[in-house]
**Q** 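Would you mind keeping the following structure in view while I ask a few things?
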Amino acid sequence: MKKNIHEQFREASRQYSDASIFMHEAIARKAGLSSADHKYLGLILPYDTITAGEISKLTGLTTGAVTGLIDRLEKKELVKRQFTKEDRRKVLIIPHVENSMKLLGPVFEALQQKTMQLVSTFSEDEIKTIERYFKGATAIMQETANDL
């Protein structure tokens with residue numbers, strides 16, 4: 001029985017999602033991180049500084065879970081805590097980008113190179129269509145997660 005285009009798309013999308021999860025699991029294992037810590041580190045890295053409360057809002061984790069996350073990442077020297085001078089109760093989390101790139105960079109450089117080789121096989125219009133799909137699908141997943 002031949003699958004229609006929507007069934008083929010759903011299957012390809014599921015396979016992509018699964019492959020992404022398995023790839024990130026493997027990267028995390030190689031780096032000595034849990035898959036969740038690896039993904040949360042990726043969310044933290046773009047910030048110069050971020051508070052635990054902001055991480056909680058960004059990830060949906062409880063403040064207690066964020067404290068555990070920061071403890072684990074700090075132990076691996078991927079982030080550090082810094083108390084503010086104005087209010088010693090307020091703690092800033094500072095990503096240690098250099099250590100993170102030493103740990104994860106080689107894997108992601110190879111991945112990025114292969115991805116760009118693939119992307120170069122698409123026309124500009126095709127790339128815009130794929131980007132529109134990813135942005136729309138991301139919004140749907142974020143909305144769904146927020147509704148749970």
Side-chain angles (χ1 to χ4, degrees), residues 1-74 76-82 90-148:
M1 181 172 153
K2 187 176 178 183
K3 295 178 183 176
N4 71 37
I5 192 73
H6 292 102
E7 289 170 331
Q8 290 174 343
F9 182 83
R10 274 193 301 272
E11 185 174 323
S13 181
R14 184 189 53 75
Q15 288 172 347
Y16 173 83
S17 176
D18 292 348
S20 178
I21 290 168
F22 298 148
M23 178 200 63
H24 284 287
E25 286 274 352
I27 291 168
R29 231 182 354 265
K30 184 173 179 74
L33 300 169
S34 72
S35 59
D37 287 0
H38 159 62
K39 292 306 291 178
Y40 293 137
L41 175 62
L43 293 174
I44 295 169
L45 282 175
Y47 293 88
D48 291 332
T49 63
I50 188 168
T51 66
E54 290 168 333
I55 293 171
S56 179
K57 287 179 187 171
L58 187 65
T59 62
L61 294 172
T62 65
T63 53
V66 169
T67 298
L69 168 68
I70 294 166
D71 288 345
R72 292 186 300 277
L73 295 178
E74 190 173 43
K76 293 202 169 282
E77 298 182 354
L78 301 174
V79 301
K80 69 177 181 177
R81 288 177 168 95
Q82 179 179 313
K90 185 174 182 180
V91 179
L92 298 175
I93 308 307
I94 302 170
H96 198 306
V97 177
E98 186 177 330
N99 285 355
S100 298
M101 290 304 103
K102 282 181 188 174
L103 184 65
L104 300 169
V107 174
F108 281 105
E109 287 172 19
L111 175 63
Q112 186 67 20
Q113 185 177 19
K114 289 177 182 179
T115 301
M116 291 316 296
Q117 287 173 344
L118 174 61
V119 170
S120 71
T121 66
F122 295 100
S123 71
E124 189 173 321
D125 285 341
E126 289 172 320
I127 292 169
K128 287 178 182 178
T129 299
I130 296 166
E131 179 185 20
R132 184 170 57 87
Y133 166 76
F134 276 125
K135 286 181 176 181
T138 299
I140 291 167
M141 287 188 277
Q142 288 171 333
E143 180 183 311
T144 301
N146 290 336
D147 289 345
L148 296 177

**Q** Which heavy-atom pair separates Gln117 from Thr121 by the least distance, and what is that distance?
**A** O-CG2, 3.5 Å
**Q** Which pairs with one or both residues in residues 126-141 pass side-chain hydrogen bond (donor to acceptor under 3.5 Å, both in side chains), sequence neighbours excluded?
**A** Ser13-Tyr133, Ser123-Glu126, Glu124-Lys128, Glu131-Lys135
**Q** Please report, to 0.1 Å, the donor-acceptor pairs under 3.5 Å made by any side chain of residues 98-107, with sequence neighbours excluded.
**A**
residue: Asn99; atom: ND2; partner: Glu77; partner atom: O; Å: 2.8
residue: Ser100; atom: OG; partner: His96; partner atom: O; Å: 3.0

**Q** Does any N or O in the side chain of Glu11 come within less than 3.5 Å of the main-chain N or O of Gln8, such that one atom is a donor and the other an acceptor?
**A** no
**Q** Would you list the atom pairs, donor with acceptor, under 3.5 Å between side chains in residues 23-32 and any protein atom, with sequence neighbours excluded?
**A**
residue: His24; atom: ND1; partner: His38; partner atom: NE2; Å: 2.9
residue: Glu25; atom: OE2; partner: Ser35; partner atom: OG; Å: 3.0

**Q** Scan residues 33-50 for pairs that pass salt bridge (charged side-chain N to carboxylate O under 4.0 Å, His left out), counting only residues two or more places apart or in two chains.
**A** Asp37-Arg72
**Q** Can a donor-acceptor pair be found, under 3.5 Å and without considering hydrogens, that links the side chain of Thr144 to the backbone of Ile140?
**A** yes
**Q** Please report whether the ring centroid of Tyr16 lies less than 6.0 Å from that of Phe9.
**A** no
**Q** Would you call Leu73 and Leu41 a side-chain contact if the rule is heavy atoms closer than 4.5 Å?
**A** yes
**Q** Which residues pass the side chain to side chain donor-acceptor pair (under 3.5 Å) test with Ser17, sequence neighbours left out?
**A** none
**Q** How long is the gap from NZ on Lys80 to CG on Leu92, to the nearest 0.5 Å?
**A** 11.0 Å
**Q** Please tabulate, one pair per line, all N/O donor-acceptor pairs under 3.5 Å involving side-chain atoms of residues 58-71, not counting sequence neighbours.
**A**
residue: Thr59; atom: OG1; partner: Ile55; partner atom: O; Å: 2.8
residue: Thr59; atom: OG1; partner: Leu61; partner atom: N; Å: 3.1
residue: Thr62; atom: OG1; partner: Ala65; partner atom: N; Å: 3.0
residue: Thr67; atom: OG1; partner: Thr63; partner atom: O; Å: 3.1
residue: Asp71; atom: OD1; partner: Arg81; partner atom: NH1; Å: 3.1
residue: Asp71; atom: OD1; partner: Arg81; partner atom: NH2; Å: 2.6

